[in-house]
Amino acid sequence: MINFDGKLVDKTDVITNENRGYKFGDAVFETIKVVHGKILFWEDHYFRLMSAMRIMRMEIPMNFTMEFLESEIINTVEANGLLKSTARVRLNVDRGDGGKYLPKKTSISYNIIAEAYDQDFYTITTDNDYTVDLYKDYYVSPDLLSTLKTNNKAINVLGSIYANENGWQNCLLLNTNKQVVEALNGNIFLIKGETIKTPPLEDGCLKGVMRKQLIDVILNSGDYVLDESSISPFELQKADEIFITNVIVGIQPILKYRKKSFTTTITEDLLRRLNLKLRLA
């Protein structure tokens, strides 16, 4: 079942070929993890969604409160029989049907999809050689639009196909200044000694919810130094550890990049601190 503008309907009865999210990518979305009826990092998701809608000049309905959308998400999770397990939820907001590049109306539509996910808690998987390389066919623009979760994800789609064709688990994206900005499905962190580095939003990386959580963990650790600055591709092979973050997986360590293999000691410590933060929340 899908929640379409507050109505629970069959998933085949939702999107028409005139939908602006489908036709033009005129949509923003949030990917959310719900564990046994609890939405993780809901406040961060909500305010990022509101910010993205404003930047995209979408009309925000008066009833689009944090409490309203939380209720809609939980109702959708429950309707799919996932209230006592873990769900991956996508909340999509678009301008509905009609118009060419210029919308015919200012009002918005939303839909919520929930599917089962098999991990309640964040863990690290190191039993396979998680290998990445650079994707250099197309580049991310270092601007505000690149930091949003919109339906314009052509680079991520093509990069995923490219990674699959080469037997890699992921690719790292570059911006037009040839700086490493993120992975195909999350933000990137590079560890050298006790310094943990991640690109700034100004470089065009996604304003990730898990990125924000990890930055808080690092700043409050007392053991590590955060360096929020541009990453050159040449720094990748000099790193001790590299990992990717998103709210579904949590932390995914990169084990191989070209001829370099990486350890996971500090990455695993950060994951323990992240899970402790969740338990205390």
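Quick caveat: nothing in here was measured; it's all calculated off a predicted structure. Note that these values count all heavy atoms, side chains included, but never hydrogens, waters or copies made by symmetry.
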Participant: Using the six-membered ring wherever Trp is involved, compare the ring planes of Phe41 and Tyr122 and label them parallel, tilted or perpendicular (cut-offs 30° and 60°).
Facilitator: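 Ring orientation of Phe41 relative to Tyr122: parallel.
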
Participant: Roughly how far, to the nearest 0.5 Å, is CD of Glu228 from OG1 of Thr198?
Facilitator: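 Atom-to-atom, Thr198:OG1 and Glu228:CD are 7.0 Å apart.
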
Participant: With Asp203, which residues qualify under side-chain hydrogen bond (donor to acceptor under 3.5 Å, both in side chains), at least two apart?
Facilitator: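 For Asp203 the side-chain hydrogen bond (donor to acceptor under 3.5 Å, both in side chains) partners, ignoring immediate neighbours, are Ser230.
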
Participant: With a 6.0 Å cut-off (strictly less than), is the heavy-atom count around OH of Tyr22, excluding the residue itself, greater than 12?
Facilitator: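 Not buried by this count: 12 neighbours or fewer within 6.0 Å.
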
Participant: Is the backbone of Gln237 close enough, under 3.5 Å, to the side chain of Lys260 for a donor and an acceptor to pair up by distance?
Facilitator: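 Yes, the answer is positive, given that a donor and an acceptor are paired below the 3.5 Å cut-off.
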
Participant: Check each of Ile191, Ile124, Ile188 against Phe243 using the side chain to side chain contact (heavy atoms under 4.5 Å, CB included) test, and report the only one that passes.
Facilitator: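 Exactly one candidate clears the test, Ile191.
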
Participant: Within the structure provided, determine whether His36 and Asp120 are in side-chain contact (heavy-atom separation under 4.5 Å).
Facilitator: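 Touching, per the 4.5 Å side-chain cut-off.
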
Participant: Does one side chain, of Ser146 or Asp143, offer a donor that lies under 3.5 Å from an acceptor on the other?
Facilitator: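 The answer is yes; a qualifying pair exists.
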
Participant: Using a strict 4.0 Å threshold on nitrogen-to-oxygen distance, state whether Asp97 and Arg20 make a salt bridge.
Facilitator: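 Not counted as a salt bridge, because no side-chain N and carboxylate O are separated by less than 4.0 Å.
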
Participant: Starting at CG of Leu214, measure out to CG of Leu271 and round the result to the nearest 0.5 Å.
Facilitator: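 One gets 8.5 Å once the value is rounded to the nearest 0.5 Å.
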
Participant: Taking the six-membered ring of Tyr139, is the NZ or CZ of Lys178 close enough (under 6.0 Å from the centre) and on axis enough (within 45°)?
Facilitator: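 Yes, cation above the ring, under 6.0 Å and within 45°.
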
Participant: Quick check: Tyr257 with Phe262 (ring centres under 6.0 Å apart)?
Facilitator: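 No.
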
Participant: I'd like to know if Glu30 and Lys149 make a salt bridge, using a cut-off of under 4.0 Å between side-chain N and carboxylate O.
Facilitator: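 Looking at Glu30 and Lys149, the cut-off is not met.
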
Participant: Any side-chain heavy atom of Leu69 sitting closer than 4.5 Å to one from Tyr46?
Facilitator: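 They are in side-chain contact.
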
Participant: So for atom NZ, which belongs to Lys136, do other residues, nucleotides or ligands contribute more than 12 heavy atoms lying within a distance under 6.0 Å?
Facilitator: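 For Lys136, atom NZ is not crowded (no more than 12 foreign heavy atoms under 6.0 Å).
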
Participant: Please report the interatomic distance CZ(Arg279) to CG(Leu274), rounded to the nearest 0.5 Å.
Facilitator: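 That separation rounds to 10.0 Å.
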
Participant: Taking the six-membered ring for Trp and the single ring otherwise, decide whether the centroids of Phe4 and Tyr110 are under 6.0 Å apart.
Facilitator: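 No, ring centres 6.0 Å or more apart.
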
Participant: Charged N to carboxylate O below 4.0 Å: is that the case for Asp269 and Arg273?
Facilitator: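 Answer for the salt bridge query: yes.
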
Participant: Keeping the roles fixed (side chain from Glu268, backbone from Thr265), state whether a donor-acceptor pair exists under 3.5 Å.
Facilitator: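 Side chain of Glu268 to backbone of Thr265, a donor-acceptor pair under 3.5 Å: no, none is there.
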
Participant: Atom NZ in Lys192, atom CD in Glu235: separation rounded to 0.5 Å?
Facilitator: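 Nearest 0.5 Å value for the NZ-CD distance: 10.5 Å.
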
Participant: Distance check, rounded to the nearest 0.5 Å: Asn175 atom CG versus Cys205 atom SG?
Facilitator: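 Here the rounded value is 9.5 Å.
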
Participant: Hey, are the side chains of Leu91 and Phe29 touching, using non-hydrogen atoms and a 4.5 Å cut-off?
Facilitator: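 With C-beta onward as the side chain, the pair stays apart.
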
Participant: Would you give the length of the straight line joining atom CD of Glu70 to atom OG1 of Thr65, rounded to the nearest 0.5 angstrom?
Facilitator: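 Interatomic distance, Glu70 CD to Thr65 OG1, rounded to 0.5 Å: 9.5 Å.
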
Participant: If we ignore hydrogens and angles and just use 3.5 Å, is the side chain of Asp240 paired with the main-chain N or O of Gly193 as donor and acceptor?
Facilitator: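 Looks like yes, one N/O pair under 3.5 Å.
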
Participant: With a 6.0 Å cut-off on the ring centroids, do Tyr162 and Trp168 count as close?
Facilitator: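 Yes, the ring centres sit under 6.0 Å apart.
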
Participant: Could you report the tightest heavy-atom contact between Thr267 and Glu241, atom names first, then the distance?
Facilitator: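 Here Thr267 and Glu241 meet closest at OG1-OE1, 2.7 Å.
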
Participant: Hey, which of Asn170, Thr31, Asn156 is the one that makes side chain to side chain donor-acceptor pair (under 3.5 Å) with Asn185?
Facilitator: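 Answer after filtering Asn170, Thr31, Asn156: Asn170.
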
Participant: Ignoring hydrogens and geometry, is there a side-chain-to-backbone donor-acceptor pair from Thr245 to Gly250 under 3.5 Å?
Facilitator: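 A pair under 3.5 Å: no.
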
Participant: Any side-chain heavy-atom pair from Leu148 and Lys207 closer than 4.5 angstrom?
Facilitator: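 In short, these two side chains do not touch, never coming nearer than 4.5 Å.
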
Participant: Please find the pair of heavy atoms, one from Leu82 and one from Ala87, that lie closest to each other, and give the distance.
Facilitator: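 Here Leu82 and Ala87 meet closest at CD1-CB, 3.8 Å.
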
Participant: Test your reading of the model: is there a side-chain donor-acceptor pair from Asn246 to the backbone of Ile248, 3.5 Å cut-off?
Facilitator: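 Indeed, once roles are kept as given, a pair shorter than 3.5 Å links the two residues.
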
Participant: Below 4.0 angstrom, N of the basic side chain to O of the carboxylate: do Lys23 and Glu18 qualify?
Facilitator: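 The answer is yes: the pair qualifies as a salt bridge.
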
Participant: Examine distances only and state if a side-chain atom of Asn80 and a backbone atom of Thr76 form a donor-acceptor pair shorter than 3.5 Å.
Facilitator: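 A pair under 3.5 Å: yes.
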
Participant: Between Asn164 (side chain only) and Ser160 (backbone N and O only), is there a donor and an acceptor less than 3.5 Å apart?
Facilitator: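 Here the side-chain-to-backbone pair does not exist.
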
